[in-house]
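Count residues from 1 along the sequence. Remember, it's a predicted structure, so these values are computed and weren't measured experimentally.
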Amino acid sequence: MEDSSQHLERCVVDMRELSAIPEGAGQSLNMPQVELSLACNDLVASSRDGKPSALVQVSVIDPRKQHVICHGCTEIVEASKDPLFLTGVTFPSDYPACPETLVKLTVFDAKDKNQEPSCFLGSATFAVSDLLRAKDERLALSLKSSDGVSTAGTVVVSRLKMGEMEEADIDYISTEKTSHKCPVVCDSASHASITRENNPLTGPVFKNPICKVYRFQTADSKWMLVREQMEECTLSFSVPKQLLSLYIQEDTSRVQDLRELGELSPHWDNLRKEVMTRYGGIISSYQETLTELDKITGHSFKPSCCKAQKSLEFVPINLHTQRMRVTCPRKTDASYDIVTAGAPAAHFQGFKCGGLHRLLSRYEAEKKSFSTAYQCIYYSPEHTAKAQEVLGTVDLLQPLIVSLADQLLQAAQEHSSPGLQDALKNLSDKTEQFVHTLKDELVKSALLALHAARPGYVSKSQKQTPSQGGQRPGHNHQSSGQNQSPAQGLPGHSPTTSINESGTVCNNVEGSQTTARGEGGPLKHQDSIPHHKEYDEEEWDRVWASVAKRLNCVIAMVDQLREEDNSKPEPVPEQQLADVITSHNPGDWREQLHPLVTKLKDCVTEVVEKAKRAMTFVLLQEAACSLPQGFHLQQRRDVVFSQALATLACGFVMRLYAGMQDKGFLRQLHQVGLVAQFESLLSTYSEEIGMLEDMEVGIADLQKVVFQITEAQTDDLGDLEPLVRGRRDHFTVQVPLPRLVFQVLPEEIREGKPLRVFPVLFNVGINEQQTIAERFGDISLQERINQRNFEILEAYFKLLSEKVPTECLPCFQTQTDIKELLETLGQNVVTKKRKNVEILWIAGTICRRLNGIRFTSCKSAKDRTSMSVTLEQCALLRDEHQLSKDFFIRALDCMRSRLNQGDLGQWEDPEAGAVTQNKPASRHFYPIALLLVSSHLLVVWLILSLVFLLAKYQ
């Protein structure tokens with residue numbers, strides 16, 4: 001998977017660059033889609049037994065430059081003079097080649113390289129145009145040996161096209177020549193090899209494809225065509241860069257809010273300066289990282305060798321998409337998508353002290369003692385999150401309320417009764433939401449704490465006795481009659497009077513007539529909040545409730561104006577009509593509403609200023625009592641979340657593009673949302689425990705992400721790039737679609753309804769380190785993660801069952817009921833079993849049944865990920881497409897063969913020299929498959945490997 005771009009820079013062009021060429025304009029540049037099958041006849045063996053283990057290396061020769069480029073390689077067919085290869089060769093329609101391009105086929109006898117070197121058997125060359133013009137699009141070429149005279153056998157090249165196998169029973173290990181009639185199932189000239197390939201939507205997101213094609217026999221002796229396409233995702237860098245910009249913007253705004261807190265006592269002023277310095281350091285670091293990321297061009301993924309590089313720490317490791325498309329005779333084509341990426345973790349910061357889950361738990365425990373040392377109030381994570389939510393909500397709603405108020409005045413200016421009613425309804429809804437957001441005890445207590453932090457207040461508090469300074473707020477509320485301020489003693493300023501007045505005026509705002517005192521639980525450790533009669537505790541209640549009062553006045557005036565307008569008699573004499581027009585000209589409504597609307601906007605502004613100062617002071621106290629650990633943890637959390645969000649956005653876009661024509665999927669998308677199932681193969685041993693703890697928090701943080709489908713401004717590919725908006729407590733990923741595509745979406749999606757995603761994480765360690773952990777260590781972390789996420793998955797299915805009919809879900813050949821699968825998964829989650837990979841199998845099956853998004857991760861998305869993905873693909877072929885049992889292992893070997901991806905340096909062509917350049921990365925191809933089956937087989941494998949190594953070097 002890694003470094004594949006080096007190969008692609010020479011071998012493959014971006015498929016979307018040519019998609020914009022009008023039909024017919026590119027015929028001179030591109031050749032048709034070509035997929036080839038290969039076979040050999042009468043191979044001359046290099047050894048005495050006469051049964052070579054053959055493979056074919058495929059190279060492309062540019063006739064103009066005479067430059068040889070490695071394109072691919074088949075699997076090895078052992079001990080056969082007439083091998084028929086399951087791995088084919090594919091040339092996409094926009095591959096940088098023309099019909100005159102030469103293809104060179106080199107056949108090797110792949111001996112055991114640990115015993116003796118591999119042997120060159122022969123080679124043959126043909127032009128693509130010759131194959132396209134040949135009868136039945138089939139060529140039989142003689143293999144010339146190294147002396148250029150003798151013949152080493154024949155290689156048969158056939159283009160894949162529609163048909164069925166004529167000979168049902170074929171032994172691929174030792175097959176006859178008649179079997180070389182190329183059992184094919186699809187004419188790739190009339191069928192796109194991969195749906196994404198010709199889809200212009202994929203242009204700005206997916207690039208640099210690597211395509212593979214296979215043919216496998218089914219249980220009924222027919223043939224299926226299997227195509228794999230792996231691509232990089234531009235969101236690997238796009239999303240982290242956008243997040244960094246949002247982080248910088250948010251922290252810069254936070255610094256400005258701290259400055260606007262006003263004058264504070266020396267103690268709090270020093271803490272504020274220290275916190276602002278910390279924010280400045282984060283902003284500077286993020287700006288530096290963003291600058292470095294902007295310099296990177298060309299690559300669209302981060303290889304695992306760079307996982308600990310600071311400038312790339314926000315970028316996910318090895319983020320790739322893979323689609324397997326299956327074509328069977330007389331059956332509908334099917335596609336299976338999966339996203340692979342390294343586990344979201346802060347590799348640069350390391351795991352010496354654990355990962356995020358452990359660090360956050362320790363941090364919350366220590367923060368209570370820090371709050372006492374720094375004379376701060378302890379705020380729980382829930383209160384801190386609430387403060388951030390209030391800040392974000394008021395920043396969003398204030399300009400919206402002002403805009404809606406202006407629309408109300410505009411409707412009044414136009415004397416439009418329906419327009420007035422609509423504008424008032426929208427204004428009332430947003431104002432009620434605004435009032436409800438501020439109806440929280442946290443805001444009131446924070447204003448009191450801020451008042452206590454003023455310089456003058458500190459000097460007064462120093463004169464008080466410790467018993468006075470340590471009164472609990474609850475006690476003060478009960479004895480407020482003894483500590484009334486002068487303002488509270490005046491008529492109309494008692495809490496009861498204020499509530500009643502609010503209830504009589506603002507009865508249309510639900511719940512607004514109640515005070516905020518009963519909302520939310522009491523803050524923990526609030527003994528340090530001084531309570532003094534110099535501060536009017538009811539001021540916030542009056543200011544907050546005044547918003548509802550002002551809104552009520554506006555509503556009453558609008559109702560009065562509309563009632564007067566409706567009560568006018570229609571048949572009116574001309575003179576009376578003139579009087580009516582004179583007394584009710586279009587400007588009257590606006591003139592009567594303008595003062596009330598202005599007071600509403602001024603009141604909202606005053607409330608916002610007080611609320612922002614209060615919540616900023618909460619965050620200041622939270623930051624002050626957590627220096628410097630809190631800022632380090634925030635940076636680590638930002639890094640992990642960036643990797644997780646880029647991975648999720650890639651999977652969401654891939655799933656959305658694949659389901660654009662599925663009405664059931666679109667209904668599920670806007671009514672409930674999608675489940676995103678992350679499969680992790682990390683062990684619970686050593687530093688991978690820290691990675692898993694990071695990943696757990698990063699995946700859980702994805703719950704604060706929603707998606708939104710928007711209409712692109714133009715159909716230009718640059719305008720189709722997904723955009724990230726929001727702040728740390730809530731992010732929205734906007735996915736633009738072309739106008740014609742956007743218009744066919746359901747109305748709810750077109751109106752911008754937020755689309756939810758339900759992330760779930762299941763982890764089962766499968767490597768040798770997990771064996772050690774299960775025998776001598778602790779796997780409670782894995783058990784807790786699986787149990788917690790099973791509950792989330794179960795709750796999602798319950799919600800889905802209530803809102804979406806089962807007809808909207810995809811159909812599979814294996815019709816096991818989802819409820820039964822969930823019950824089985826629940827049993828496996830609580831069962832004590834070593835390396836229980838059944839958890840991953842069942843969770844993945846449920847995800848596909850629920851139209852979900854599948855992700856697979858390990859440390860670097862290489863060895864373990866490749867084993868899991870290829871095994872899952874072959875299992876799908878077996879269960880859904882009746883892959884023959886005799887071909888299961890061979891199909892698995894074909895998909896896992898490193899040679900398929902061009903690892904050809906060991907095969908020496910005497911005519912061209914050693915081909916060692918342009919080697920793409922290994923992908924899904926490491927021979928440790930049995931690790932997924934049993935830990936006992938792992939032990940056997942380790943022992944045999946040790947014996948083999950000792951024998952080799954003795």
Side-chain angles (χ1 to χ4, degrees), residues 34 36-85 87-89 91 97-111 113 116-159 174-177 179-182 899 902 904-918:
V34 178
L36 310 177
S37 64
L38 300 174
C40 293
N41 294 331
D42 299 327
L43 289 181
V44 178
S46 57
S47 58
R48 295 180 180 179
D49 58 12
K51 293 182 179 181
S53 297
L55 67 90
V56 180
Q57 172 187 319
V58 182
S59 304
V60 178
I61 304 175
D62 189 332
R64 294 163 294 184
K65 300 180 181 179
Q66 293 297 313
H67 183 62
V68 180
I69 301 175
C70 299
H71 184 72
C73 191
T74 67
E75 81 280 10
I76 298 175
V77 178
E78 298 182 355
S80 175
K81 297 175 60 178
D82 304 307
L84 183 60
F85 301 98
T87 304
V89 181
F91 294 94
C98 59
E100 289 72 29
T101 297
L102 299 179
V103 178
K104 181 178 181 180
L105 306 176
T106 308
V107 182
F108 294 93
D109 184 1
K111 299 296 183 182
K113 59 183 179 182
E116 55 181 305
S118 301
C119 178
F120 169 81
L121 296 181
S123 64
T125 304
F126 68 95
V128 175
S129 57
D130 294 339
L131 176 65
L132 299 178
R133 289 194 297 262
K135 182 180 180 181
D136 298 329
E137 295 182 317
R138 180 174 178 270
L139 295 176
L141 307 172
S142 297
L143 292 171
K144 295 183 179 180
S145 60
S146 56
D147 58 14
V149 178
S150 57
T151 300
T154 304
V155 58
V156 180
V157 184
S158 303
R159 188 181 181 192
S174 179
T175 181
E176 301 298 330
K177 294 182 182 180
S179 69
H180 294 170
K181 294 181 180 180
C182 285
L899 299 176
L904 307 173
Q906 58 178 310
W907 313 111
E908 295 187 359
D909 184 346
E911 299 181 9
V915 183
T916 58
Q917 60 178 349
N918 304 324

Which atom pair, heavy atoms only, marks the closest approach of [X] to [Y]?
| X | Y | value |
| --- | --- | --- |
| Ala124 | Val155 | CB-CG1, 4.1 Å |
| Thr87 | Thr74 | O-CG2, 3.8 Å |
| Glu78 | Ser53 | CA-OG, 3.5 Å |
| Ile76 | Ala110 | CD1-CB, 3.6 Å |
| Arg159 | Leu36 | CA-CD2, 4.2 Å |
| Phe108 | Phe120 | CD2-CA, 3.9 Å |

- Message: Run Leu38 and Val157 through side-chain contact (heavy atoms from CB on, under 4.5 Å) and show every step you take.
- Response: CA-CA 5 Å; Leu38 300 174; Val157 184; 3.9 Å; yes
- Pairs meeting criterion salt bridge (charged side-chain N to carboxylate O under 4.0 Å, His left out) with involvement of residues 120-134, two or more places apart: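 Sorted pair list: Asp130-Arg133.
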- Message: A side-chain contact here means heavy atoms from C-beta on lying under 4.5 Å apart; do Ser158 and Glu137 qualify?
- Response: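 Contact flag for Ser158/Glu137 side chains = no.
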- Message: Are Val89 and His71 packed together at the side-chain level, in the sense that at least one heavy-atom pair is separated by less than 4.5 angstrom?
- Response: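 In short, these two side chains touch, coming nearer than 4.5 Å.
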- Mind checking side chain to side chain contact (heavy atoms under 4.5 Å, CB included) for Ala54 and listing every partner two or more places apart, or none if nothing turns up?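 Ala54: side chain to side chain contact (heavy atoms under 4.5 Å, CB included) contacts with Leu43, Pro83, Phe85, Val107.
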Within this structure, what is the [atom1]-[atom2] distance for the pair [X] and [Y], rounded to the nearest 0.5 Å?
| X | Y | atom1 | atom2 | result |
| --- | --- | --- | --- | --- |
| Leu84 | Asn41 | CG | CG | 9.5 Å |
| Leu105 | Thr125 | CG | OG1 | 7.5 Å |
| Leu143 | Ser123 | CG | OG | 7.5 Å |

